[in-house]
Structure formats: structure tokens, C-alpha cells
A.B. asks: 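Sharing a structure, written as C-alpha cells. Questions coming.
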Amino acid sequence: MKKVMFFVGCVFASLQTYAQESLRMNFDLQAGTSYEVSITGKNSTTSNLMGNPEMIEKMKKEGGVYPRYETTDMNGQYIVHWKDGGKKKSNFQLDLVNSTSRSFEGSKQKDVEKIDALQNVATGVAERRGVKYTEVLNEQFKPSSKEVIEALNELFFNGFGNTALKVNEVYKGNSKKKIALSDENVVEVSTLEEMKLYKIVDGKAYFTIDSKISSVSKSTKYSEMNGIGKKEVVYNIEKGFIESMEDTIDITVNMATEENMTINMINKVYQKLESKKK
């Protein structure tokens with residue numbers, strides 16, 4: 001069964017000063033610029049069974065371990081080269097500096113994957129709908145490519161159009177998305193976000209984004225997903241890029257299975273993104 005790894009998306013890019021106490025967001029990546037991007041993350045899941053005690057006991061005798069503790073942590077450094085830029089479309093090349101991913105079951109390390117420096121692991125484009133790959137060029141990079149493109153969307157895609165954001169005002173947004181937790185368990189997840197620009201100090205803008213996650217079951221077997229998230233964003237106004245974005249999410253998932261049992265999963269996600277203009 002796949003681990004639940006849910007990243008709430010509310011993204012920023014190329015902010016410019018609108019007034020002393022406000023900002024306006026513009027999507028405008030400059031040609032010939034490069035950014036060092038660092039991604040650090042940890043995903044911990046506690047899984048348990050609830051319901052039919054006889055079946056749970058039988059599964060334990062057959063070697064099942066509950067509660068089950070699983071953790072994945074990763075860190076990676078990348079360089080994004082913007083080959084050409086404009087307000088409608090920008091192309092990029094992605095280089096890998098290094099990356100390490102580790103997985104654990106309980107306190108026991110299960111697997112380690114390390115990749116050293118590789119140039120041009122992927123190419124892509126940023127446009128109105130976000131950042132996406134046009135081609136993933138290296139097989140070693142493919143397992144982590146999804147997490148990396150999500151990070152690039154967080155750092156470089158403008159999700160708020162030309163809205164002028166004022167200090168201490170709250171801006172709300174709502175999104176819906178269907179997620180398959182398993183072949184038989186599908187939910188429609190609603191994410192309510194409240195974003196606040198809470199201060200501008202020494203040429204930097206500071207944001208918080210609070211998220212509330214709820215769901216509706218959309219399959220024959222009952223499933224639910226509920227959680228909260230908090231994101232902290234620091235934007236360098238003078239140099240025009242996001243310096244850091246720190247995200248924590250707590251999610252609880254319940255999935256009905258056979259034999260009158262329910263799988264309960266408590267998922268805790270931490271991610272920190274940092275970028276530096278070269």
C-alpha cells in the first residue's frame with residue numbers, strides 16, 4: 001500500500017513591491033538566471049488496524065506488525081537554469097548536485113539511495129498552469145522527479161495572478177482533488193487555505209499559509225482524509241526570489257477493508273525548500 005504523501009499547494013514567484021505595506025505577484029522568470037535549490041523532507045507514517053479482533057490477531061500470528069512505523073527522509077541539491085524567460089513561458093534545464101534518500105521501518109534503516117552530481121537530468125517549462133517537465137533525461141533521477149517538480153512549482157510558479165496582497169489581510173482559497181488511496185479507496189479532498197502577508201522587514205516579505213484538509217468518500221469502500229498544514233514563506237523583495245519555504249502537515253487517513261476492518265494511518269510530513277540566486 002502506498003504511503004500517503006500529500007503536499008498542499010499554494011505557491012509564489014517573482015514578487016515585486018506594490019507599496020510599502022503590500023506586494024503584487026508577477027510571473028516573470030529572467031532568461032540566463034540560475035538558482036541553487038535545496039530540498040529537505042521527512043515523511044513519517046504510523047499504520048494500525050481497527051475492527052475485527054480475531055482477524056487482527058491472526059494477521060499478527062502470520063507476521064504482521066501493528067502499529068507499523070515507516071519513515072522516509074530525503075535531501076537534495078539542484079541547480080535550475082532558466083534558458084529563456086517571459087511573462088507567458090520560460091524554459092529550464094535542471095542539474096543535480098547530489099541527493100540522498102533513506103527509508104526506515106521502525107528504527108531500522110531499510111534502504112539508502114545516493115546520487116552524485118549529474119548535469120541536465122531534466123528539462124522543463126513554466127507557463128500559466130505551472131511548472132512541468134518536458135523530458136526527464138536520467139533514469140537515476142526518475143524516482144525523485146515528482147517531489148522535485150512539486151518543489152519547483154512551490155518556488156517558481158505564481159498562483160495568485162495580479163492580486164495585490166496587503167500586510168495583515170487574510171486571503172482564502174479552496175481546491176478539490178481526487179486521490180486514490182488504494183484500488184478500492186478513493187476520496188475527493190478539499191483543501192481550504194488562508195494566506196497572510198504578516199510583515200515586510202529589511203527588504204523581505206514574510207507569509208504564513210494555514211490549511212485545513214477534509215474529504216468525501218468516492219468509492220464503494222468508505223475512506224476519509226482529514227488534516228491541517230502550516231507553511232512559512234520568506235521572500236527577498238530586492239533580489240526577487242523566495243529564499244525559504246517551510247511546510248508541516250499532519251493527516252489522518254481511515255480506509256475500510258475486508259473482514260470488517262479499517263486501516264488507520266497517521267501521516268506527518270515536513271519539508272523545507274531553500275533557494276539561492278547564483
Side-chain angles (χ1 to χ4, degrees), residues 2-7 9 11-14 29-45 69-85 90-127 130-157 231-236 239-249 267-278:
K2 292 172 65 179
K3 294 181 183 178
V4 177
M5 198 173 216
F6 191 80
F7 292 95
V11 294
F12 301 85
S14 285
L29 298 171
Q30 295 182 8
T33 59
S34 297
Y35 292 84
E36 295 178 2
V37 174
S38 174
I39 305 172
T40 303
K42 184 175 182 179
N43 178 29
S44 299
T45 303
Y69 303 98
E70 298 173 284
T71 303
T72 300
D73 64 42
M74 62 90 71
N75 60 74
Q77 286 75 45
Y78 305 85
I79 300 178
V80 184
H81 304 282
W82 294 102
K83 296 297 185 180
D84 53 60
S90 300
N91 295 295
F92 69 87
Q93 172 190 317
L94 184 68
D95 294 345
L96 170 67
V97 178
N98 60 71
S99 71
T100 302
S101 178
R102 299 180 177 88
S103 60
F104 299 83
E105 288 185 358
S107 59
K108 184 178 179 180
Q109 184 169 282
K110 181 181 177 182
D111 191 31
V112 180
E113 183 176 351
K114 294 184 178 181
I115 308 176
D116 295 325
L118 293 169
Q119 288 190 338
N120 199 18
V121 293
T123 59
V125 61
E127 51 190 3
V131 181
K132 64 181 180 181
Y133 294 122
T134 52
E135 190 173 7
V136 177
L137 300 164
N138 190 284
E139 290 294 326
Q140 284 183 282
F141 173 68
K142 285 184 178 180
S144 60
S145 60
K146 182 179 178 181
E147 287 78 8
V148 176
I149 202 67
E150 287 174 345
L152 297 183
N153 263 294
E154 295 278 19
L155 290 170
F156 297 111
F157 175 61
K231 191 175 293 186
E232 296 277 350
V233 181
V234 180
Y235 174 76
N236 188 312
K239 295 182 179 179
F241 70 98
I242 292 173
E243 290 186 352
S244 68
M245 181 179 291
E246 195 164 6
D247 193 7
T248 56
I249 304 171
N267 190 225
K268 295 182 179 294
V269 178
Y270 169 81
Q271 186 181 56
K272 185 170 184 179
L273 309 178
E274 296 178 289
S275 65
K276 180 180 178 181
K277 196 170 184 178
K278 291 175 65 66

A.B. asks: Pick one: which of Glu154, Glu246, Gln271 meets side-chain hydrogen bond (donor to acceptor under 3.5 Å, both in side chains) with Lys231?
C.D. replies: Glu154
A.B. asks: Check side chain to side chain contact (heavy atoms under 4.5 Å, CB included) between Glu135 and all other residues, then give those that pass, not counting sequence neighbours.
C.D. replies: Thr123, Leu137
A.B. asks: For Asp95 and Tyr78, indicate whether the former's side chain and the latter's backbone hold a donor-acceptor pair under 3.5 Å.
C.D. replies: no
A.B. asks: What pair of heavy atoms forms the shortest contact from Leu155 to Val37, and how long is it?
C.D. replies: CD1-CG1, 3.7 Å
A.B. asks: With sequence neighbours left out, what residues match Ser101 under side chain to side chain contact (heavy atoms under 4.5 Å, CB included)?
C.D. replies: Thr72, Met74
A.B. asks: Show the numbers, then the answer: is there a side chain to side chain donor-acceptor pair (under 3.5 Å) between Asn91 and Asp84?
C.D. replies: CA-CA 6 Å; Asn91 295 295; Asp84 53 60; 3.2 Å; yes
A.B. asks: Residues in side chain to side chain contact (heavy atoms under 4.5 Å, CB included) with Val97, at least two apart?
C.D. replies: Gln77, Ile79
A.B. asks: With sequence neighbours excluded, what pairs up with Lys276 under the salt bridge (charged side-chain N to carboxylate O under 4.0 Å, His left out) test?
C.D. replies: none
A.B. asks: So, does Asn43 use its side chain to make a donor-acceptor pair with the main chain of Val269 at under 3.5 Å?
C.D. replies: no
A.B. asks: Evaluate side chain to side chain contact (heavy atoms under 4.5 Å, CB included) for Tyr133 paired with Val148, printing each intermediate quantity in order.
C.D. replies: CA-CA 10 Å; Tyr133 294 122; Val148 176; 3.6 Å; yes
A.B. asks: Which pairs with one or both residues in residues 102-112 pass salt bridge (charged side-chain N to carboxylate O under 4.0 Å, His left out), sequence neighbours excluded?
C.D. replies: Glu105-Lys110
A.B. asks: Residues two or more places apart in sequence or in another chain: which of them pass side-chain hydrogen bond (donor to acceptor under 3.5 Å, both in side chains) with Lys278?
C.D. replies: Glu36
A.B. asks: Can the ring centroids of Tyr35 and Phe156 be said to lie less than 6.0 angstrom from one another?
C.D. replies: yes
A.B. asks: With heavy-atom distances below 4.5 Å as the criterion, would you say the side chains of Val131 and Ile149 are in contact?
C.D. replies: yes
